[in-house]
**Q** 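Encoded as structure tokens, here's the structure I'll be asking about.
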Amino acid sequence: MEVTNGLLSNLVETKSMEAVLAPISSQVSQLIMVCESNSGWRSSESATKSAETVKQIILDLINVAKMKAAESKHQTYKADMLNASEMLSLAADNFYTSALSLQQNPQSKNARRAVVQAAKDALQGTMRVLLIRDEAEVKAIVEAACKVNAVLSTLTTASNMNELVSMFRMFMEAMVHLTRLASRRQLELIRTRQREKVIMGLGVLKKAVPLLNTALKSYVKHPDSSQAKVSRDYAVKQIETGLTDITDAVSNRFTEEDYLGLEEAGFFVSKLDQLLEALTEVGRKDIPGNFEMWAQDIIAHSMAVAHQCTDAHRELIISNCQRILLQKGRLLELFVTFRVGHSPVSAEVREDYDEVCEGLIDEFCDLERHVNMAVLHLIVLTFCQTTETLDKLVQTAMQQAVTGGEWFSVLNHHIVIFGEHADKVCQVASLAAASSTDAKRVRRIRLCIHRLEQLDPEVVPAAVACLKSGGDRQAIQHMRLLKEEWRHEFEELLQVLDDMTDPRIFMDVSEEQLVQDLNTCNGLLMVHDLEEIADVFHAMAGKARRVVQVAKQIADAMRTRCTGTG
């Protein structure tokens, strides 16, 4: 399992994990970006310095992890934590050794690759240690909730007041223990929906406990009363609801509908807004603790965009991220010295600090512009084909199987092309959603991606079944149904992306891409590569169709406005 930005975003749930991962992830990202940049390794000593920083952080983490393992009474947790700590120690040593090798031979591609892999291994090892610790905390809360639920079951069997008092005392002890663990957990949680659900569960318990106490006393006194039984069962149900809310939240058990139903701005733009606010004249007086993790999330997302690009935007984003990492390191160094109200600082230090903050604001604004323009180029390139890949797949599948093998070979070719295009569509759409400030559009994009990802695994088996059936009516009908559903979701997604894109910029980018394709064709004509020319012409036709489509949308909108005002 390689720890990617998306995986980190999904797995990191607490502020403590963020605080440990942020400096390590920052140093690792810096090394990876510089090693993968076309501009080459400019300062091999930086590799060793970063490796030393990471190794020291990891050693501190290992010491704490081993101490916690020694204190634990759970043998499985102790064994897992000690094993993970040993593996992390080896990864840190390997990272440092690889960095030294790169310093000795900075131009070696193998040395660069070794540093990148060792850096990723160190980050993955760190994540594993943190997850083991985090899982232990979650398990403790779930076990505490189970204990409350078990005692709750015995409460309903109490036949007299003495039994009830004794059992209720046990119930309250278990409840206090759970409340303490859950309250501490919710303070640590990063995701709002998790934190709110824990708070909601605790609120339900707080209201339900007095109700339960009263209802149980009434039921013990009047066991034949149907009203007393209804009140008792209601109170018990409330307690069970609160326990479920807490355990579901801390276990991060949310349905797709819970996630997709949220309306929130895109991940990239939200983090960017938080970070820029922290760098303002007011915010910079006390940089928040999660500033570094915000910066890391922004850089990691930007690099994900860069890796999708094959043009100049890739180098622009990588260079921008490198400058941000350098300035961020300088900012944090100055912030240790410059703490308003903590210690007097010279005017020179204050000026340097303000200058770095302003410089970072400019760099992050530049990065936002580069990333958004890169995403727009990716949209133009990716969506120059709309449903053509699916149409060809379906058309091939519906051909009568005569020689079998020949048709399956052709079908497999179209399956690969369709799969690659479908994956690219979802990836680019996700990147576009991350940059959107419109919460409703973000939700619509997520829903479209979700439905396309649900349909994709159905399309290929249906196509194969259609071809194997030799023209079976039901198989063809099913294939057509899937095709229409996929087309509908794709067109819905395309409409959302068109709505959030400035048509003038879209036209400029499309024109730029078409000129590049035309230049490519001229070059291919000189070497008589007719097959490649045909592919480029096909891509140009797709881009031209999209230009016509967007132009028609603009004309329709203008016509509507004119009609409305007339």
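Quantities reported herein were computed from a predicted structural model and do not represent experimental measurements.
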**Q** Give the minimum heavy-atom separation between Ile132 and Ala84, together with the two atoms involved.
**A**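 Between these two residues, the closest heavy atoms are CD1-CB, 3.5 Å.
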**Q** Using the side-chain contact (heavy atoms from CB on, under 4.5 Å) rule, take Ile449 and Glu489 through it: C-alpha gap first, then chi angles, then the decisive distance, then the call.
**A** CA-CA 8 Å; Ile449 293 172; Glu489 294 302 334; over 6 Å; no
**Q** According to the side chain to side chain donor-acceptor pair (under 3.5 Å) rule, which pairs have a member within residues 82-94, sequence neighbours left out?
**A** Lys55-Asp93, Lys66-Glu86
**Q** Provide the closest heavy-atom pair for Val496 versus Ile445 in the form atom of the first, atom of the second, distance.
**A** CG1-CG1, 3.6 Å
**Q** Is a salt bridge present between Glu358 and Arg284, judged by a nitrogen-to-oxygen distance below 4.0 Å?
**A** yes
**Q** Scan residues 416-428 for pairs that pass side chain to side chain donor-acceptor pair (under 3.5 Å), counting only residues two or more places apart or in two chains.
**A** Gln308-Lys424, Gln308-Gln427, Thr389-His421
**Q** For residues 181-188, tabulate all N or O donor-acceptor pairs below 3.5 Å that involve a side-chain atom, not counting sequence neighbours.
**A**
residue: Ser183; atom: OG; partner: Thr179; partner atom: O; Å: 2.7
residue: Arg185; atom: NH1; partner: Asp134; partner atom: OD1; Å: 2.7
residue: Arg185; atom: NH1; partner: Glu137; partner atom: OE1; Å: 3.2
residue: Arg185; atom: NH2; partner: Asp134; partner atom: OD1; Å: 3.2
residue: Arg185; atom: NH2; partner: Asp134; partner atom: OD2; Å: 3.1
residue: Glu188; atom: OE1; partner: Ser16; partner atom: N; Å: 3.1
residue: Glu188; atom: OE1; partner: Ser16; partner atom: OG; Å: 2.3
residue: Glu188; atom: OE2; partner: Ser16; partner atom: OG; Å: 3.4

**Q** Set out, in order, the CA-CA distance, both residues' side-chain angles and the distance that settles side-chain contact (heavy atoms from CB on, under 4.5 Å) for Ile239 and Leu205, then state yes or no.
**A** CA-CA 6 Å; Ile239 296 290; Leu205 294 179; 4.1 Å; yes
**Q** Would you check, one step at a time, whether the test side-chain contact (heavy atoms from CB on, under 4.5 Å) holds for Leu452 with Cys426?
**A** CA-CA 8 Å; Leu452 286 174; Cys426 292; 4.3 Å; yes
**Q** Would you say the side-chain atoms of His377 pair up with the backbone N or O of Met373, donor to acceptor, closer than 3.5 Å?
**A** yes
**Q** Write down the atom of Ala122, the atom of Phe95, and the distance for their closest heavy-atom approach.
**A** CB-CD2, 4.3 Å
**Q** Taking all heavy atoms of His370 and all of His313, pick out the closest pair and write down the distance.
**A** O-CD2, 4.2 Å
**Q** Which atoms form the tightest heavy-atom contact between Ser435 and Val269, and what is the distance?
**A**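 Reported closest heavy-atom pair: O-CB, 4.1 Å.
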**Q** Can you give me the closest heavy-atom contact between Leu88 and Thr126, atom names plus distance?
**A**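 Looks like CD1-N, 3.4 Å.
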**Q** Does the ring center of Trp486 lie less than 6.0 Å from the ring center of Phe418?
**A** yes
**Q** How many angstroms lie between atom CG of Leu178 and atom SG of Cys146, to the nearest 0.5 angstrom?
**A**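 Result: 10.0 Å between the selected atoms.
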**Q** For the backbone of Thr244 and the side chain of Thr247, can you confirm whether one donor and one acceptor N or O come within less than 3.5 Å of each other?
**A**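 Yes; at least one donor-acceptor contact below 3.5 Å.
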**Q** Taking Gln194 for the side chain and Ala249 for the main chain, is one N or O donor matched with an acceptor at less than 3.5 Å?
**A** yes
**Q** Hey, mind stepping through Phe335 and Asp286 against side-chain contact (heavy atoms from CB on, under 4.5 Å) and telling me if it holds?
**A** CA-CA 8 Å; Phe335 184 64; Asp286 189 16; 3.9 Å; yes
**Q** Rounded to the nearest 0.5 Å, how far does CG of Leu390 lie from CZ of Phe490?
**A** 10.0 Å
**Q** Closer than 3.5 angstrom, by distance alone: can the side chain of Thr280 be matched with the main-chain N or O of Leu276 as a donor-acceptor pair?
**A**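 Pair absent, no side-chain N/O of Thr280 close to backbone of Leu276.
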